[in-house]
Amino acid sequence: MIIMTETEAISLFKCLADKSRLQILKSLIQEEMYVERLAERLNLSPATISFHLKKLEAAGAVKSRKDQYYTMYSINEDIFKLPIIEILKEKSEELDKQAERDAQYRKKVIDSFFQYGKLKSIPSQRKKKRIVLEEIAKSFEAGKEYTEREVNLIIADYHDDFCTIRRDMISEGILERENMIYKKVL
Amino acid sequence: MKTVIENMNKFLEQRKAEVLEEAARLIADERKDESNFLKAKANIYDVFKALLGASYKAACNDKNAFYADFKKRAKTVPAAWRKSLEEASRHGDTKKVLTEEAKLSAADEIIAKFDELIKM
């Protein structure tokens, strides 16, 4: 199966978003054609048809072959058989950049809310609060069971309002509580 | 001479409006690329309006000097576009071909209109 990169997908979708090019493809799906025939059929100049065909060919939507004096164009069926969902499933070329931006934002939030290992204030914005709670959660061992007192002591190292933070950690799904025993979820 | 200039300006404005109207119609019909070629054509009417003004200034009210100067400018300026068209055709640059063809079609019709007006 064809694998389409994000850049290729954008190029194809941009190319298809044009009525003349769609008309050309609709003609080519019936049979292969040369420039002059398409021009006559679609009432466009041969130069305009050539321009559109060049774009379609660059986007991988059409193929061409030499046939004596003519260049015959045909639809690249493989491209159109590719389900759009498969294109969406392709790893984004932006993914690494997004992760980098997320990490930078995270650092900025941590730097502004923590000072010398203490939480200065509990953020009101949910996204920032989540980052702060995740940072505190680093002090909990994965899989280890904690009593409420132990949890309170760990959180109190960061902020005096350990009750609010403990409850927020439960509601955010960072900690789970069962029979008064706490465990880190993340 | 003033009548020729007035009629030319009227023609240039009218044609520019018509071409832009056609470009808008193409956009509405989801044919943006073709519309862009018409926008390039529409700009040429402004270019020739400026050439007309420059020739009028240079001629200092001399009708024949004005006609000669404008004809000269109307030949010189599109010459670069013709050269660019040839070059683009040689390299199969279809976008450039269509742009230069659009510009030259405007230039040709403007020159024809000017010839028609000075004969009257």
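Each chain gets a letter, A, B and so on, in the order its sequence line appears, and its residues count up from 1.
- By the neighbour-count criterion of 12 heavy atoms within 6.0 Å, atom CG of A:Leu88 is densely surrounded, having more than that number from other residues, nucleotides or ligands.
- Shown here is A:Gln98, whose CD atom has more than 12 heavy atoms of other residues, nucleotides or ligands within 6.0 Å.
- Remark: A:Lys89 engages A:Glu86 in a salt bridge (charged side-chain N to carboxylate O under 4.0 Å, His left out) (not counting sequence neighbours).
- Interface remark: A:Leu22 contributes no atoms to any contact with chain B (heavy atom separation under 4.5 Å).
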For chain A and chain B, what donor-acceptor pairs lie under 3.5 Å, backbone included?
from	atom 1	to	atom 2	distance (Å)
A:Lys19	N	B:Glu30	O	2.7
A:Lys19	NZ	B:Asp29	OD1	2.7
A:Ser20	OG	B:Arg31	NH1	2.7
A:Ser20	OG	B:Glu34	OE2	2.5
A:Arg21	NH1	B:Asp33	OD2	2.7
A:Arg21	NH2	B:Asp33	OD2	3.0
A:His52	NE2	B:Glu34	OE2	2.6
A:Lys54	NZ	B:Gly92	O	2.5
A:Lys55	NZ	B:Asp33	OD2	3.2

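- Sorted by first and then second residue, the side-chain hydrogen bond (donor to acceptor under 3.5 Å, both in side chains) pairs involving residues 142-152 of chain A (not counting sequence neighbours) are A:Thr147-A:Glu150, A:Glu148-A:Tyr182, A:Asn152-A:Arg166.
- Annotation for A:Lys120: atom NZ counts as buried by contact number, over 12 foreign heavy atoms lying within 6.0 Å.
- For A:Gln30, the side chain to side chain donor-acceptor pair (under 3.5 Å) partners at least two apart in sequence or on another chain are A:Arg41.
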